[in-house]
Amino acid sequence: MFKELLSAVKEFIIRFISSRLFALGLIFTLLFAVLAGRLFELQIVNGDQYLSDYQNRTLTKVTTVGTRGNIYDRDGRLLAYNELQYNITIADNGAYDTTDQGINRRNLMLYHLTEIIEKYGYSVDGQYKIRLDENHEFQFTTSSENDRKRFIANIRGRNVSDLSAKDFNVSAQEAFNTSKRRYRFDNIKDENGMAIVLDDETALDMINIFYTMRLTAYQRYQTTTIVKNVSKECMAEILEAKGELQGVDIENVSVRKYNYAPYLSHIVGYTGQVREDQLAELRKIDEGYELNDTVGVWGLEKSMESELKGQKGYREMYLNSVGSVLEVVSESEAKAGNDIYTTISANDQIAIYHLLEQELAGILASKIVESDAPQNVQVKQSQITIPVKDAYFQLINNNVLDSAHFAEAAPGSAERQIADIFADNKEKKLQRIEQELLNPSTSELNALPKDMQAFIVYIYDYLLSDASGMIQSSNQKFKDSEAYQAWRNDTISLHDFIIAGLEEAWLDTSKLSLSEDYYDTENIYQLLVEQLMERLRDDTDFDKVLYKYAIADNTLQGYLLLMALFEQGVLPEDAQAYLQLSTGNAHYAYTFLVKKVRQIALTPAQLALDPCNGSVVVTDVKTGKIRALVTYPGFDNNRITDSDYLAKVNKDLSLPLLNNATQTQLAPGSAFKPITSIAAMEEGVIDLSTIIDCTGIYKDVVPNIRCWIYPEKHGEENIIDGIKNSCNFFFAEVGHRLATDPNGIYSQTLGLERIAKYAAAFGLDSLSGVEIDETKPHISDYDPERSAMGQGNHAYNNVQYARYITAVANRGTVFDLSILDKVTDSDGNVLRTIEPKVKDQLEFSTVTWNAVQTGLREMITEGVAKNVFSGQNIPIAGKTGTAQEREDRGNHAVFVSYAPYDNPEIAVTVNIPYGYSSGNAASLANNVYNYCYGKDSLEAILSRDASYVSLVNVSD
């Protein structure tokens, strides 16, 4: 039985081994054994190592930005805050590989993304520094030549040092084409393999997106914002298409918003995206700054960046190969920045801004005259007038009217008439210019008509500009040439000048489109003239020169330009005025313009004539805190990141981006005389009993110095009289005595050193301390007699005047001025209070202080400014200052003051460039005091125009 069983088993085994099933089973068994062994090695033997390696390859860190702190005025009104908006972002999440197919899928994604962006009319907010202008031509938007070189190196993937000068000699069109080829945007195929041809706008947007992404290419998963503040409809479409737009997302962010523009725009400032050239410096302060961060660019946003910026949060996590989160390793919440409280009142800023604008408008309206007769070269600067034709031209020159729209207007309208007149006149002038270039009518520039002189000079300036590159003004060969010397002396025609440049090889012909054929000098010149004429036809800046002379010679009448103001919506509709203008009555057009200036329907900033800007500073004389810092004109800091708006304000001739209170420097004129008085008394060169006899003209220096009263005289004066009368003779003599040592030896150096010593004592050798950008002052360093009068080459801005007169008012406490009150955290807890900072305490004698302050008070009550302050019951002390800079423009107007005289509380300083007379600055200060002491109200100021303002001439 056992043998039979054993035999059966043996037979089964033999049959099983010999069957196909056994072979198959053996194979599967071996494969399973190998797999089991491999799994054992991966999970048991080397499992920890493999897991660590996998996680290290996908570990990433994503940062979140802390909310920026708010800025408040002294009354708690919100000046700068944050508002939620939706931004389109893009990040490299590894979804597209570097194969041809992967690159095409990436580019196809960018194409579809750009289609959505353009569908809703948005522009890409990127770092690619090329744009299409209004003529559909590519142009660089770089800020400097070095910036352009860095950009060109970046688009080629090279360092600046690796490229030659020839590499940088490329046009914006060529740079665009390079980027398009490099990113393979010239070879995109759709899902069916059909080629996609991009128009320039779409290609530029795609390049802008990808170029900006590449700036953070070393940080995978780091998002880059490409469009800001999109609509909910756009947001929904982006989110619906996320499946095909790999890496694209919608981000909810807080954006900066500003109240009270333009009244506080220069104080609060604005923010912007970090520039490449800023990043290194910012990282010295905080290593956490990244290229896409938003930072303060101007004003308190810039100076208080470290307080306002907040603290970044982060999230460190492991991601799998498709970007899904495997594990959050660590994270930190972002923290809001601190809040800033200023010493400025928004209401005060608004009221004083309008008082300043009204003063400027009143002066301007009084200066515009109907006559277009040339100015008498002997006329005083305070008596210069403005021909109405200059005002008409400014409507074009300062882009109040959109001249590009004239030709698009309906037939019969004033705009269309302007376009037709201009086109006909332009063609005639171009023919005359070409004829003059080819066959000069004279060898002397001054012998040409005025308009032709301007046209020829414009061409000369173009030849020397970076835009043409044909003549390098630094070329020694050019500077040594006889042709250049003759041009400077107006004894050579432009034709002969250029021919000389060609023959002497200091005019670069490589800029011309020369063929390989031989060209002699005349042929080259002919080609140059053709290219110059072609450029003039398309040059909008040259068009403005043509407009100027068309208006001057009555080819283009002013009434048409005024009618165009209605047609373009610059002025609100007024059918009766429009009809009266259409009659072509020149006198009515003049009176209409002046009326609109007085009504401030056309503002001083729009016309950009003298005066069109100015500033007022109000300080607390007991603390050095600034209560108002007003500059006119202002700008809208909510729109400053809009490239079109930025371009517009940059072209504005009234310079709205310039802070006139902290950056405009003027000679103080007679406003400096109190410092000279203190220097003289403290140095012992005069005392209260010193009498100086003003004869009207000071002859101890050459050239002689005339007192403003000449040919009359002030007669005998002491120091109080000298200040009260603002006597130039008196202070020239004081300056002379300061330059004379006890042994009677005269030394200009001694005089200048003494003047500089006391100017520096009042802080006029340093920045004022105010926490926004400020230009450094300059104390005069030549001619002690004129420097003592406030002339020479003194140069100070209004906050520096404010610090000086504040110290005079409080008898010697020189503060570092401040516009900051306190810093709190986001919950309102006070972190620190900004206390007054004393720079110096001046220990001058009581006699000196009494004399100077008495003189300042009597200047208001009895002296040169008494008519300005007639009827004013606020006891004000102050000093006017009139400074001449150019003979063809009005004097600068300065006024420094404080009140009440017997117990000073505030100081008011006024600065009006080209304001004709310091009386105008004093008149404005008088109105500011009325407001500050409750005699005038914000509501009343806002309800009136400039009709109450008249010219006030003060001789000082």
Side-chain angles (χ1 to χ4, degrees), residues 134 357 361-362 364-374 385-430 450-451 540 542-609 612 648 652-654 945-947:
E134 59 272 13
E357 183 176 54
L364 183 58
S366 300
K367 285 292 180 180
I368 297 175
V369 295
E370 194 167 1
S371 169
D372 60 355
T385 56
I386 303 170
V388 69
K389 289 180 180 179
D390 288 1
Y392 293 147
F393 172 59
Q394 286 301 95
L395 298 177
I396 298 289
N397 195 35
N398 202 33
N399 304 308
V400 180
L401 287 168
D402 180 4
S403 57
H405 189 264
F406 290 160
E408 302 171 6
S413 69
E415 287 187 88
R416 189 69 204 183
Q417 291 181 64
I418 294 170
D420 292 341
I421 292 170
F422 178 77
D424 180 65
N425 182 66
K426 180 175 182 176
E427 190 57 38
K428 291 177 181 177
K429 297 298 184 185
L430 289 174
K450 289 292 184 184
D451 61 343
T540 55
F542 180 68
D543 283 351
K544 289 186 176 181
V545 182
L546 292 170
Y547 272 113
K548 177 179 180 178
Y549 288 95
I551 293 169
D553 64 17
N554 293 317
T555 299
L556 178 58
Q557 298 285 340
Y559 75 89
L560 287 172
L561 296 168
L562 297 178
M563 292 171 68
L565 291 173
F566 288 113
E567 294 175 0
Q568 292 194 2
V570 178
L571 294 178
E573 184 177 350
D574 185 337
Q576 183 177 358
Y578 184 87
L579 182 61
Q580 286 186 273
L581 285 169
S582 68
T583 64
N585 186 308
H587 178 68
Y588 177 78
Y590 161 72
T591 58
F592 175 86
L593 175 73
V594 172
K595 178 181 178 182
K596 291 304 175 184
V597 172
R598 287 202 180 277
Q599 292 175 339
I600 319 183
L602 289 173
T603 68
Q606 286 177 304
L607 291 180
L609 294 163
C612 64
K648 178 182 178 181
D652 194 326
L653 300 177
S654 68
D945 58 24
S947 299

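Residue numbers run from 1 in the order of the sequence given. Basis for what follows: all heavy atoms, side chains included, without hydrogens, waters or symmetry-related copies.
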Enquirer: Looking only at heavy atoms, what is the nearest atom pair of A414 and L560, with distance?
Expert: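 Result for this residue pair: CB-O, 3.7 Å.
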Enquirer: Side-chain donor-acceptor pair under 3.5 Å between S654 and D652, yes or no?
Expert: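 A pair is found: one side chain offers a donor N or O, the other an acceptor, under 3.5 Å apart.
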Enquirer: Answer yes or no: is there a side-chain heavy-atom contact under 4.5 Å between K544 and N397?
Expert: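 Side chain of K544 against side chain of N397, heavy atoms only: contact under 4.5 Å found.
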Enquirer: Rounded to the nearest 0.5 Å, what separates atom CG in L565 from atom CG in L581?
Expert: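 Rounded to the nearest 0.5 Å, the CG-CG separation comes to 9.0 Å.
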Enquirer: Got more than 12 heavy atoms from elsewhere within 6.0 Å of NZ, K548?
Expert: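 Count not over threshold, so no.
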Enquirer: Using modelled atom types only, decide if a donor and an acceptor are shared between the side chain of K367 and the backbone of I386 within a distance under 3.5 Å.
Expert: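 It does not hold such a pair.
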Enquirer: Before giving the answer on side-chain contact (heavy atoms from CB on, under 4.5 Å), spell out for T555 and I421 the whole-Å C-alpha distance, their side-chain angles and the decisive distance to 0.1 Å.
Expert: CA-CA 8 Å; T555 299; I421 292 170; 4.0 Å; yes
Enquirer: How far apart are the closest heavy atoms of P604 and L364, and which atoms are they?
Expert: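 That closest heavy-atom pairing would be CA-CD2, 4.1 Å.
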Enquirer: side-chain contact (heavy atoms from CB on, under 4.5 Å) for I551 and K389? Distances and angles first, verdict last.
Expert: CA-CA 7 Å; I551 293 169; K389 289 180 180 179; 4.0 Å; yes
Enquirer: side-chain contact (heavy atoms from CB on, under 4.5 Å), that's the test. Do Q557 and Y392 meet it? Break it down for me.
Expert: CA-CA 9 Å; Q557 298 285 340; Y392 293 147; over 6 Å; no
Enquirer: If you measure from CD on Q580 to OH on Y559, what distance do you get to the nearest 0.5 Å?
Expert: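 Those atoms lie 14.5 Å apart.
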Enquirer: Over 60° means perpendicular and under 30° means parallel, so tell me whether F566 and F592 are parallel, tilted or perpendicular.
Expert: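 Rings of F566 and F592: tilted, 30 to 60°.
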Enquirer: For the residue pair E573 / Y578, report whether a side-chain donor-acceptor contact shorter than 3.5 Å exists.
Expert: no
Enquirer: May I ask you to decide if Y588's main-chain N or O and T591's side chain share a donor-acceptor pair within less than 3.5 Å?
Expert: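 Flag set: sc T591 to bb Y588 pair under 3.5 Å.
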Enquirer: Can you tell if the side chain of R598 reaches within under 4.5 Å of the side chain of S366, non-hydrogen atoms only?
Expert: yes
Enquirer: Taking the six-membered ring for Trp, are Y547 and F393 ring centroids under 6.0 Å apart?
Expert: no
Enquirer: Compare every heavy atom of A365 with every heavy atom of V594, then report the nearest pair and how far apart it is.
Expert: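 That closest heavy-atom pairing would be CG1-O, 3.9 Å.
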Enquirer: Mind checking the CG-CZ spacing from L401 to F406? Nearest 0.5 Å is all I need.
Expert: 4.5 Å
Enquirer: Applying salt bridge (Lys or Arg N to Asp or Glu O under 4.0 Å) as the test, list every pair that has at least one member in residues 398-419; sequence neighbours left out.
Expert: R416-D420
Enquirer: What is the minimum heavy-atom distance between A564 and I418, and which atoms define it?
Expert: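 In this case the closest contact between A564 and I418 is CB-CD1, 4.0 Å.
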Enquirer: Stepwise, does the side-chain contact (heavy atoms from CB on, under 4.5 Å) test hold for L607 with L395?
Expert: CA-CA 6 Å; L607 291 180; L395 298 177; 3.8 Å; yes
Enquirer: Check whether any side-chain heavy atom of F422 sits under 4.5 Å from a side-chain heavy atom of L556, and report yes or no.
Expert: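 No - every pair of side-chain heavy atoms lies 4.5 Å or more apart.
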Enquirer: What are the two closest non-hydrogen atoms of A550 and D553, and how far apart are they?
Expert: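 For A550 and D553, the tightest heavy-atom pair comes out as O-OD1, 2.9 Å.
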Enquirer: What's the separation between atom CG in N425 and atom CG in L430, rounded to the nearest 0.5 Å?
Expert: 9.5 Å
Enquirer: Can you tell me how far the CD1 atom of I368 sits from the CG atom of D390, to the nearest 0.5 Å?
Expert: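 Reported value, rounded in 0.5 Å steps: 9.5 Å.
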Enquirer: Could you tell me which non-hydrogen atom of A608 sits nearest to which non-hydrogen atom of N398, and how far apart they are?
Expert: CB-ND2, 3.7 Å
Enquirer: Mind checking the CG-OG spacing from L562 to S582? Nearest 0.5 Å is all I need.
Expert: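 Reported value, rounded in 0.5 Å steps: 12.0 Å.
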Enquirer: Is the count of non-hydrogen atoms from other residues, nucleotides or ligands lying under 6.0 Å from K426 atom NZ greater than 12?
Expert: yes
